[in-house]
Amino acid sequence: YTLKEEQNVAYIEGVHVSKEQRDKKLGTELLNKLIDKCKDIKAKECMLWCDKNKWMYEWYQRLGFKYWGDKKGQEGFVWMIKYLN
């Protein structure tokens with residue numbers, strides 16, 4: 001993740017769980033730890049991008065991320081945002 005201090009936005013990227021380890025809640029646990037880290041560094045929101053046509057889009061929604069906009073230059077990919085309290 002990275003943080004742009006002037007915007008208080010943390011960007012999460014590169015989260016991946018191998019197919020063999022899926023369905024064990026490892027991805028949810030990992031993402032929740034990253035979200036907690038974003039809160040620790042005083043980010044007000046965190047963002048990530050994903051393929052809107054893949055299963056992870058709905059998974060991110062279940063974890064509180066919302067559609068933010070299309071990722072320019074990459075059809076089918078979107079930015080998602082989660083507002084942190």
Handout entry: Sequence-distant partners of E75, side-chain hydrogen bond (donor to acceptor under 3.5 Å, both in side chains), two or more places apart
Key = none
Exercise for the section: State yes or no: do W59 and V78 share one hydrophobic cluster built from I, L, V, M, F, W and Y residues joined by side-chain heavy-atom distances below 4.5 Å, directly or via other members? Expected result: yes
Problem - K25 side, atom NZ; L31 side, atom CG - distance, nearest 0.5 Å - result: 13.0 Å
Handout entry: OG1-CD1 distance between T28 and I35, expressed to the nearest 0.5 angstrom
Key = 9.5 Å
Exercise for the section: With the side chain counted from C-beta on, respond yes when L48 and W79 share a heavy-atom pair under 4.5 Å apart, and no when they do not. Expected result: no
Problem - Residue list, side-chain contact (heavy atoms from CB on, under 4.5 Å) with K19, at least two apart or on another chain - result: R22
Handout entry: F77 CZ to C50 SG distance, which is reported to the nearest 0.5 Å
Key = 8.5 Å
Problem - Residues which pass side-chain contact (heavy atoms from CB on, under 4.5 Å) with Q61, listed by chain and number, not counting sequence neighbours - result: Y57, E58, M80
Handout entry: Distance in Å, Y11 OH paired with I81 CD1, rounded so as to fall on 0.5 Å steps
Key = 8.0 Å
Handout entry: Side-chain heavy atoms of M47 within contact of V9, under 4.5 Å
Key = yes
Exercise for the section: Answer yes if L84 and L30 sit in the same cluster of Ile, Leu, Val, Met, Phe, Trp and Tyr residues linked by side chain heavy atoms under 4.5 Å apart, and no otherwise. Expected result: yes
Completion exercise
Residue set satisfying side-chain hydrogen bond (donor to acceptor under 3.5 Å, both in side chains) with E20, at least two apart, ordered chain then number -> S18
Review item, side-chain donor-acceptor pairs of residues 62-73, under 3.5 Å, at least two apart:
| from | atom 1 | to | atom 2 | distance (Å) |
| --- | --- | --- | --- | --- |
| Y67 | OH | D70 | N | 3.3 |
| Y67 | OH | D70 | OD1 | 2.9 |
| K71 | NZ | Q74 | OE1 | 3.4 |

Problem - Same cluster (ILVMFWY, side-chain, under 4.5 Å), V17 and W55 - result: no
Fill in the blank from the handout: Interatomic distance, CG@D36 vs NZ@K39, rounded to 0.5 Å, equals 5.5 Å
Practice task
Find out if a path of hydrophobic residues (ILVMFWY) with successive side-chain heavy-atom gaps under 4.5 Å connects M56 to L26.
Solution key: no
Problem - Between SG on residue C46 and CD1 on residue I41, distance to nearest 0.5 Å - result: 9.5 Å
